[in-house]
Protein chains: 2
Amino acid sequence: MEKQFHPNISVDCVIFGFDFKKLNVILVERNVHDPVNGAKQISDLTLTGNHVYFDEKLEDAAKRILFNLTGLSGIYLEQFFTTGDPERLKSVKDQVWLQKIGKDPRERVVSVCYFSLLNCDEITLKMGNRKIGWYSVKEAKNLAFDHGTILGNAIKALQTKLLYEPIGFEMLPEKFTLTQLQKLYEVVFDVEFDKRNFRKKVSKMNYLVPLDEKQKGVSHKPARYYTFSRELYEKNSSAMFNFSI
Amino acid sequence: MEKQFHPNISVDCVIFGFDFKKLNVILVERNVHDPVNGAKQISDLTLTGNHVYFDEKLEDAAKRILFNLTGLSGIYLEQFFTTGDPERLKSVKDQVWLQKIGKDPRERVVSVCYFSLLNCDEITLKMGNRKIGWYSVKEAKNLAFDHGTILGNAIKALQTKLLYEPIGFEMLPEKFTLTQLQKLYEVVFDVEFDKRNFRKKVSKMNYLVPLDEKQKGVSHKPARYYTFSRELYEKNSSAMFNFSI
DNA sequence: ACAAAAAAGTGTGATAGATACACTATCATT
DNA sequence: AATGATAGTGTATCTATCACACTTTTTTGT
């Protein structure tokens, strides 16, 4: 027996990535062409999401979406918001689209939203026949459905979480430089920090471990690599992570 | 035509209240007696909640629940969590209960959870034939369904929110003393503050307005009343609320 | 080999916020 | 008039934050 999707329950994933320059999010193209003259009826972007199977946990559905997209498991995942008002899929465009992909456009769908964190460079994305890719969050405008609202909430949730917990490292490679770490905080909060003060601050975080290894092949003084030790972090749980800005 | 509940979508409300001594939450008794010998089969407590109507927004359902309970509208309300795993209502007790109240126990129900804030003393609670009342959050153990998890998440959400936004006042009367405000923060975070340092801190919040009015009928030096001015708070939005502890 | 370009890396002084700590003032009750 | 209860207040130390500029190390181009 084929697994069945629940018609009323879906999961959307806001997948953030950092490319050392800006904060990005994975979006998927949504295109509908007029069957007669071939003109574009809809051409915009959606978050990644899917309905849940009848016997599937919400978080497992989010993991499934992430795995199908990236081939990775164990990705950082956090539920942050749920949208489910009766009219959220009722715009003309959205109704046309739902028809096209074979969903009943009359159904009310509650979508439980998760954000997750990736290092942009470490993955290749794939998804059937729709184009998928990284987009700067600053340029991600006019999304389909209520996905603009979801993305806005996701960014706020990411900021709040980043103040209290050391999750920024999820968007960096295993080894990273302090400048990269600083840039990460700068793009998430849309501020700039003074280099010396930033380093003074993170130098108190003893779970940020300097390595005996430096950048190679850069045309300037190579920076030292650091790594995040979750073990050390959890040991000194008294030394709460607090990244007030 | 009678309004119909959506069988798969519900809302639960975690209603916090402060009685100047401890943090409380509204809970409802859930009793089932054996139809033959009258012995108690189930006797525990649930949060307040209900399914949403087909054409009802999630937040409107939460407002409806609050209004039916307290007769009040305009109560502070914040979505914080959604629970919807397939087995969340599948324990024997929960299945018996769902049968009793006329729900299909096989349906999967996603519950979108809101917390709201009240001043305990200002309301009288009512709800059909089930007993309802305030319970100390510290004593709220062994709740029905997955309501223990929901309550735990609600407390964390309340703490996080309370660090960033001036919502504590929602749990106080219009006029309150600084000692009452201090006690509120102490019970929510389960810490103790030094009186002088606490007052030094809040004295910088110019939206906390001292009144020309003091406590009456207390058998000790009467305390000055203060009030929270949302207007002043929003004017000086640059002076971000930040209650780091 | 040398100069230029690019980012890494480093210290100090000033200000603001956090912490620890103890006594006096004012009311009601007896 | 004395007691009990809570309100209300100041100072000294420590820690964190902020503003700010120059030297070091590497590659690249000549």
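Proteins come first, then strands; the chains are lettered A, B, ... in the order of their sequence lines, and each starts at number 1. From a predicted model like this one, the values you see are computed outputs, not experimental measurements.
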Q | Pair B:Lys161 + B:Glu78, salt bridge at N-O below 4.0 Å | A | yes

Give me, pair by pair, the N or O atoms of the protein and of nucleotides 3-11 of chain D that are less than 3.5 Å apart, along with how far apart they are.
unit_1	atom_1	unit_2	atom_2	d
D:dG4	N2	B:Ser219	O	3.0
D:dA7	OP1	B:Thr179	OG1	2.9
D:dA7	OP2	B:Thr179	OG1	3.2
D:dA7	N7	B:Lys195	NZ	3.3
D:dG8	OP1	B:Arg224	N	2.8
D:dG8	OP2	B:Arg199	NH1	3.2
D:dG8	N7	B:Lys195	NZ	2.7
D:dG8	O6	B:Lys195	NZ	3.4
D:dT11	O4	B:Lys200	NZ	2.7

Q.
Can you confirm whether the side chains of A:Ser111 and A:Asp12 place a donor and an acceptor under 3.5 Å from each other?
A. yes

Q: Run the ring-centre check on B:Phe176 versus B:Phe20 and record whether the distance is less than 6.0 Å.
A: no

**Q.** Any donor-acceptor N or O pair under 3.5 Å, side chains A:Ser73, A:Arg64
**A.** no

Q: Look at A:Glu170 together with A:Arg230 and state whether they make a salt bridge at an N to O cut-off of under 4.0 Å.
A: yes

**Q.** Interatomic distance, A:Phe193 CZ vs D:dC18 P [rounded to whole Å]
**A.** 9 Å

Q: Specify the separation, in whole Å, of atom NZ of A:Lys201 and atom C1' of C:dG9.
A: 20 Å

